[in-house]
Number of protein chains: 2
Amino acid sequence: MAIDVRTICLGLLSRGSATGYEIKKSFEEGPIGYFLEASFGAIYPALGRLTEEGLVGLKVEQQDGKPDRKVYSLTARGHAAFEESLRVDPGPDRFRSEFLFLLLFADHIPKDHLRHLIDERLADYRCKLRLLEEPSIPMPNSPGLEFIRGQGIAFYRAIIDYIEHNRHLLEAQDARVPAHAAE
Amino acid sequence: MAIDVRTICLGLLSRGSATGYEIKKSFEEGPIGYFLEASFGAIYPALGRLTEEGLVGLKVEQQDGKPDRKVYSLTARGHAAFEESLRVDPGPDRFRSEFLFLLLFADHIPKDHLRHLIDERLADYRCKLRLLEEPSIPMPNSPGLEFIRGQGIAFYRAIIDYIEHNRHLLEAQDARVPAHAAE
DNA sequence: GGTTGCATGTAAATGGTTACATGATTGT
DNA sequence: ACAATCATGTAACCATTTACATGCAACC
């Protein structure tokens, strides 16, 4: 069994209790979002199953108009199960990029559109970098979390830097769809 | 429609004809493997569907013991379809790492195992970096491909460098499962 | 008056992976 | 003798995403 949403929930809950909503938020806001993600449609069922299995317990907090807040936390068995799951050897890291796929065919893309594409992606990366650099929500700092945050910063900086210094390779001549002229 | 295996096949075939097997190989060997991937179980059906749709044609080359080599290439309509698919705006890049997930809980992992884990991952990254640095199979160099290769190199270098210089943060004290003592 | 944030959940659709099946040849 | 490379394909299984459903409060 690899590291699925269920295991991720187990892991995050091992740091403290949380609701499904908060787990989702931690992907979006915290420094773990750059290498982990899950949708509500995956989180809620995972939490449900974990409860059935007795690995997490929940405390329901009633609220006015909003649905009840279901605060989950690990049981003793949950902690054990998580500790066990830390033994699996981690699968390969994977980076997927539709953006780079497009750049592969930069010579088929009009110059101005290409520039726009790169500018946007760059803005996107800079935004994510900023999010990591200023940890607005100072998480309980474990050494792991600090390490991860640093790697994220290094990662985004490297890519931004590379794109800034090499985009001219793509934007140089307007190679506007010269290919397959003989089709 | 996002960039699925079908679109990837279309794109790769736009650079020249190939068999399903060769397409798969190009992920493993070439400089595109670090941000694209597909299994045989996805490639062959995609190629089949593309043929049905008249976007690719195939030339069957008979062979002795082996199955026939089916060499696919884009039709005029295939080229048009691909050109069209270059207009979609690329979804976000995604990096997924089970390794970093584990490191998040480095304080729950025995020091020696942790060191082993990091050493392995580092070796893995160095291997991929080498693959990019020496382009043993010199692909038809488009500006896009050179750019992508460079980004891959920058990417791996940054990560390797970061891990080498910061692993001590994780390996410092032996924080061997001190957590949840009060459970 | 519309969007965002809070908060939970379900069900269908998707787009894959994994495992299997086949088989000759070459290398270790 | 065993693994790997070449080469194609099918089918079951799978985890997730996407879209939907609901609804209040606060902000703009």
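Labels below follow one simple rule: chain letters A, B, ... track the order of the sequence lines, proteins then strands, and each chain is numbered from 1.
Residues that satisfy the salt bridge (charged side-chain N to carboxylate O under 4.0 Å, His left out) test with Asp124(A), not counting sequence neighbours, are Lys128(A). For Ala154(B), the side-chain contact (heavy atoms from CB on, under 4.5 Å) partners are Tyr162(A), not counting sequence neighbours. Qualifying side-chain contact (heavy atoms from CB on, under 4.5 Å) partners for Thr51(A), counting only residues two or more places apart in sequence or in other chains: Val56(A), Leu58(A), Tyr72(A). Remark: Phe35(A) pairs with no residue by the ring pair (Phe, Tyr, Trp, His ring centres under 6.0 Å) rule, at least two apart or across chains. Every residue two or more places apart in sequence or in another chain was checked for a ring pair (Phe, Tyr, Trp, His ring centres under 6.0 Å) with Phe27(B), and none qualifies.
Nucleotide dT16(D) holds its P atom 16 Å from the CZ atom of Arg96(A), rounded to whole Å. Rounded to an integer number of Å, the gap from Glu28(A) CD to dC6(C) C1' is 12 Å. Distance CD (Glu37(A)) to C1' (dT18(D)): 13 Å, rounded to an integer number of Å. As rounded to whole Å, 14 Å separates atom C1' of dT17(D) from atom CZ of Phe27(A). One atom, CD of Gln62(A), and another, P of dG23(D), lie 17 Å apart when rounded to the nearest Å. Per the geometry, CD1 belonging to Ile43(B) stands 14 Å off P belonging to dA7(D), to the nearest Å. The CD1-C1' distance, from Ile23(B) to dC6(D), rounds to 15 Å in whole Å. Taking atom NZ on Lys24(A) and atom C1' on dT4(C), their separation rounds to 14 Å, with Å as the unit.
Of the listed residues (Tyr156(B), Phe99(B), Phe155(B)), just one forms a ring pair (Phe, Tyr, Trp, His ring centres under 6.0 Å) with Tyr125(B), and that residue is Tyr156(B).
Within the structure, a side-chain polar atom (N or O) of Ser39(B) is placed less than 4.0 Å from OP1 or OP2 of dT17(C).
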Summary of protein contacts for nucleotides 8-15 of chain C, nucleotide by nucleotide, where a base hit scores B, a sugar-phosphate-only hit scores S (4.0 Å, heavy atoms): BBB-----
